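Report on the structure given below.
Values below: all heavy atoms of this structure, side chains included; hydrogens, waters and symmetry mates excluded. These numbers come from a predicted model, not from an experiment. Indexing begins at 1, ligand by ligand and atom by atom, following the structure's order.
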Amino acid sequence: MSILRLEIVTAEHMVYSDDVNVVVAPGIEGELAILPHHAPLLTALQPGELRIRKDGEEIYLAISGGFLEVRPDKVIVLADAAERAEEIDVVRAEEAKRRAEERLKTHVPEMDLAQGEATLRRSLIRLKVAERRRKKRL
Ligand code: ATP
């Protein structure tokens, strides 16, 4: 099976770097499947789940938006934040969710509302990705 090189980086560190078979990313206009020999592409990502298929195995990451570039030699994801399922701190994500819900319940200016919604979304994505890992182990 042909492979493609994938690098997922944030401003702080390299989150993932390996040869994979398929990448499914949360594109700004919907899910985007990248297979080997995909045409060059640059697109924005929305917060969501990024799935990797490698040797018949699925690897899940939580992504908080960013960009995806398909180059002739590799695919680069430059993410605002990215965590592999096993790196997600579930207690922290639940706390962030609770705080965001609390914030959205109280009367806050529009700016806070948008921020609360974005935080809530990130926490829900992290919980979903962490749950995928839990299910895999059952
Ligand atoms: P929190 O309020 O818990 O910081 P947040 O959604 O505001 O959540 P971000 O701004 O998206 O956090 O991320 C800040 C940094 O913390 C990033 O490096 C991100 O990867 C990491 N991070 C955030 N939440 C978690 C989590 N639940 N588990 C592991 N890493 C996390």
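- Checked against side chain to side chain contact (heavy atoms under 4.5 Å, CB included), H37 has the following partners two or more places apart in sequence or in another chain: S2.
- Side-chain contact between I8 and L78: absent, with no pair of heavy atoms (C-beta onward) separated by less than 4.5 Å.
- Side-chain atoms of R51 do not come within 3.5 Å of backbone N or O of I59 as any donor-acceptor pair.
- Scanning the protein heavy atoms around atom 19 (C) of ligand 1, the nearest turns out to be E83 OE2, 3.1 Å.
- Of the candidates A81, G65, A11, it is A81 that places a heavy atom closest to atom 17 (C) of ligand 1.
- Put simply, the side chain of D19 never gets that close to the backbone of L6: no donor and acceptor are under 3.5 Å apart.
- Of the listed options E12, R99, K97, R99 places a heavy atom closest to atom 2 (O) of ligand 1.
- When the heavy-atom distances from atom 8 (O) of ligand 1 to R126, E95, Q115 are ranked, the shortest goes to R126.
- When only interatomic distances are considered, the shortest N/O to N/O separation between D89 and ligand 1 falls below 3.5 Å.
- What sits closest to atom 23 (C) of ligand 1 on the protein, heavy atoms only, is R92 NH2, 3.2 Å.
- Identified under the side-chain hydrogen bond (donor to acceptor under 3.5 Å, both in side chains) test for residues 57-70, with sequence neighbours left out: R53-E58, E69-R71.
- Within the 4.5 Å cutoff, the side chain of V24 has no heavy atoms near those of the L32 side chain.
- Within ligand 1, counting atoms from 1 as listed, the ones closer than 4.0 Å to a heavy atom of E87 are 28 (N), 29 (C).
- At the shortest separation from atom 6 (O) of ligand 1 among protein heavy atoms lies R122 NE, 2.7 Å.
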